[in-house]
Protein chains: 2
Amino acid sequence: MTTTAAFATIAALLADPARAAMLTALLAGEALTAGELARVAGIGAPAASAHLARLVDGGLVAVQPQGRHRYHRLASAEVAATLEALGGLAEAVAPPPATGRRWPHGEAFRAARLCYDHLAGRLGVALQAGLAGRGWIVPVAGGWATSAAGEAGLAALGVDLAAARGTRRFACDCMDWSERRMHLAGGLGRELAACCLRRHWLVRLPGEREGDPLARRRLRLTPEGARCLGDTLGVLEQAA
Amino acid sequence: MTTTAAFATIAALLADPARAAMLTALLAGEALTAGELARVAGIGAPAASAHLARLVDGGLVAVQPQGRHRYHRLASAEVAATLEALGGLAEAVAPPPATGRRWPHGEAFRAARLCYDHLAGRLGVALQAGLAGRGWIVPVAGGWATSAAGEAGLAALGVDLAAARGTRRFACDCMDWSERRMHLAGGLGRELAACCLRRHWLVRLPGEREGDPLARRRLRLTPEGARCLGDTLGVLEQAA
DNA sequence: GCGCCGCTTCGCCCCCGGCCGAAGGACAGC
DNA sequence: GCTGTCCTTCGGCCGGGGGCGAAGCGGCGC
């Protein structure tokens with residue numbers, strides 16, 4: 001009873017188009033100011049303020065004041081995972097909009113993207129499979145742990161394992177709606193993504209349109225990234 | 001844009017307490033009549049009818065008329081998976097209600113339960129791990145396939161593999177909110193659960209209270225079930 | 001100190017949607 | 001065919017919540 005009530009409360013926070021647009025924008029993993037989010041949602045500043053207050057109060061969004069700006073981000077990777085799940089269901093249930101591509105951002109989006117703070121899409125799934133296939137990560141209760149070989153290999157790639165361990169969950173699964181498989185989340189997933197971006201193995205694709213909430217989530221594998229990740233983890237990618 | 005709109009539309013369907021109660025009840029995997037769902041939600045027949053019409057129209061619930069009754073069930077296992085994800089987030093975000101047990105149904109619910117049509121909880125996760133650990137199932141693109149040994153072993157257990165193949169997805173992962181690990185879904189997951197119930201290795205726990213929507217999801221492992229599943233798949237379970 | 005800018009609060013309007021009672025349609029059993 | 005049951009549709013009421021403009025508050029820069 002109380003359970004289904006909490007359930008509905010969370011859903012109500014996601015049910016408003018303006019809030020949904022804000023959350024979708026925050027899925028890119030970057031912290032945005034209230035003004036930016038108001039523009040993304042297409043509403044005025046007062047309305048945005050009220051929406052954000054409710055999201056923060058509901059525990060979905062965290063806020064950190066900085067000077068005269070207030071930066072908002074998703075409260076946790078769990079929130080991101082749930083949003084991804086809902087997006088996948090929306091895609092599966094909604095009448096595919098006539099045109100062949102079922103998601104407006106299509107192929108590039110399915111190939112490689114950010115899921116809040118870690119990698120998703122075909123690339124994310126392939127990375128997870130590569131890590132498990134080489135025995136760099138091994139399943140343990142509640143998630144994954146690194147093997148000795150994995151420690152060495154990941155460190156050689158430049159992944160900050162110390163930072164990865166400083167998180168509540170070191171490595172766990174996150175559902176990938178487009179591939180219907182798991183990809184790696186948790187501290188390790190975050191640091192792996194950070195490493196790939198830092199070394200320019202992956203670059204963010206620029207958004208074509210201003211205000212495109214999904215724009216900053218798309219990633220492109222660079223030739224160097226394909227070589228390095230392919231050599232070490234067997235990730236083959238024919239992404240554009 | 002159109003994406004976030006669809007997203008919000010689905011969330012709006014889940015945002016009403018009455019609809020949430022109905023969907024939660026349907027998570028047990030059984031088809032219920034409109035009248036039963038009205039009672040579960042604590043509303044009158046007209047209101048329930050309107051809610052169900054919206055759920056059906058939104059693609060979350062399927063209906064099959066039978067005589068003068070109309071039986072409702074979740075439209076797909078994907079819907080069930082999303083509901084589970086939302087429930088997990090609600091549990092994580094909501095202030096744990098003072099008492100130690102975070103979900104009202106506590107231990108038994110975490111130990112073994114139905115996730116729509118397949119097994120979840122510690123038992124579901126352990127089953128998935130056991131199947132993968134023995135090489136009965138092997139990862140393939142988009143999910144899992146059975147090995148030769150797995151075919152023989154599952155058939156020996158009494159799992160109807162032909163029926164399992166008759167589904168859109170043979171075997172795929174489903175997120176388990178309580179364990180934060182994957183358990184087995186898809187046709188194979190469904191037939192495995194059906195087999196366990198048919199052979200009385202698992203039995204449904206009776207609901208203590210009338211109208212308890214989660215009641216029929218709780219499962220108990222019988223001594224015979226512990227023996228058979230433990231022998232063949234190494235599933236150790238200390239569930240009550 | 002003054003003005004600018006980002007954000008919030010307040011007051012107000014309006015509309016969406018949830019609920020019920022009553023009436024209407026459909027199906028099974030006698 | 002009549003009656004009872006299950007479910008839906010219709011009409012009407014009401015509350016919650018989203019939107020904006022105006023005003024208030026606080027940090028920053030000239």
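Since the model is a prediction, treat every value here as computed from it, not as a measurement. Naming convention: chains lettered A, B, ... in sequence-line order (proteins, then strands); numbering from 1 in each chain. Reckoned from all heavy atoms, side chains included, excluding hydrogens, waters and symmetry mates.
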Item to check | Relative orientation of the end axes in the helix from C/dG1-D/dC30 to C/dC30-D/dG1, expressed as an angle to the nearest 10° (five pairs per end) | outcome: 30°

Item to check | Side chain proximity check, B/Glu30 to B/Arg204, heavy atoms < 4.5 angstrom | outcome: yes

Checklist entry - Within a strict 4.5 Å, meaning less than it, do heavy atoms of the A/Leu119 and A/Leu202 side chains meet? => result yes

Next on the checklist: Could you walk me through whether A/Leu197 and A/Leu219 satisfy the side-chain contact (heavy atoms from CB on, under 4.5 Å) test, starting with their C-alpha distance in whole Å, then the side-chain angles of each, then the deciding distance to 0.1 Å, before giving a yes or no?
Outcome noted: CA-CA 9 Å; A/Leu197 286 170; A/Leu219 297 173; 4.1 Å; yes

Could you tell me which residues satisfy side chain to side chain donor-acceptor pair (under 3.5 Å) with [X], sequence neighbours excluded, listed by chain and number?
X	answer
B/Thr9	none
A/Glu191	none
B/Arg70	none
B/His183	B/His118, B/Asp176

Item to check | Those residues of residues 52-64 of chain B lying under 4.0 Å from DNA chain C by at least one heavy atom | outcome: B/Arg54

Next on the checklist: Can you list, in residue-number order, the parts of residues 67-74 of chain B that come under 4.0 Å of DNA chain C, counting heavy atoms only?
Outcome noted: B/Gly67, B/Arg68

Next on the checklist: Using a 4.0 Å heavy-atom cut-off to protein, can you give one letter per nucleotide of nucleotides 20-25 of chain C, 5' to 3': B if the base is in contact, S if only the sugar-phosphate is, - if neither?
Outcome noted: SBB---

Next on the checklist: Test of understanding: with salt bridge (charged side-chain N to carboxylate O under 4.0 Å, His left out), list the residues that count as partners of A/Arg68, not counting sequence neighbours.
Outcome noted: none

Checklist entry - Mind checking what makes salt bridge (charged side-chain N to carboxylate O under 4.0 Å, His left out) contact with A/Glu84, not counting sequence neighbours? => result A/Arg113, A/Arg217

Item to check | Outermost DNA chain D nucleotides near chain B [under 4.0 Å, heavy atoms] | outcome: D/dG4 to D/dT9

Checklist entry - B/Arg19 CZ to C/dC19 C1': how many Å, rounded? => result 13 Å

Acceptor/donor pairs from residues 49-63 of chain B side chains to any protein atom, 3.5 angstrom cut, sequence neighbours excluded:
from: B/His51; atom 1: ND1; to: B/Arg19; atom 2: NH1; distance (Å): 3.0

Item to check | Residue pair A/Ile43, A/Met22: steps toward the side-chain contact (heavy atoms from CB on, under 4.5 Å) verdict | outcome: CA-CA 11 Å; A/Ile43 57 179; A/Met22 292 177 171; 4.1 Å; yes

Checklist outcome for this item: Taken to the nearest 0.5 Å, the spacing of B/Leu184 CG from B/Cys115 SG works out to 11.5 Å

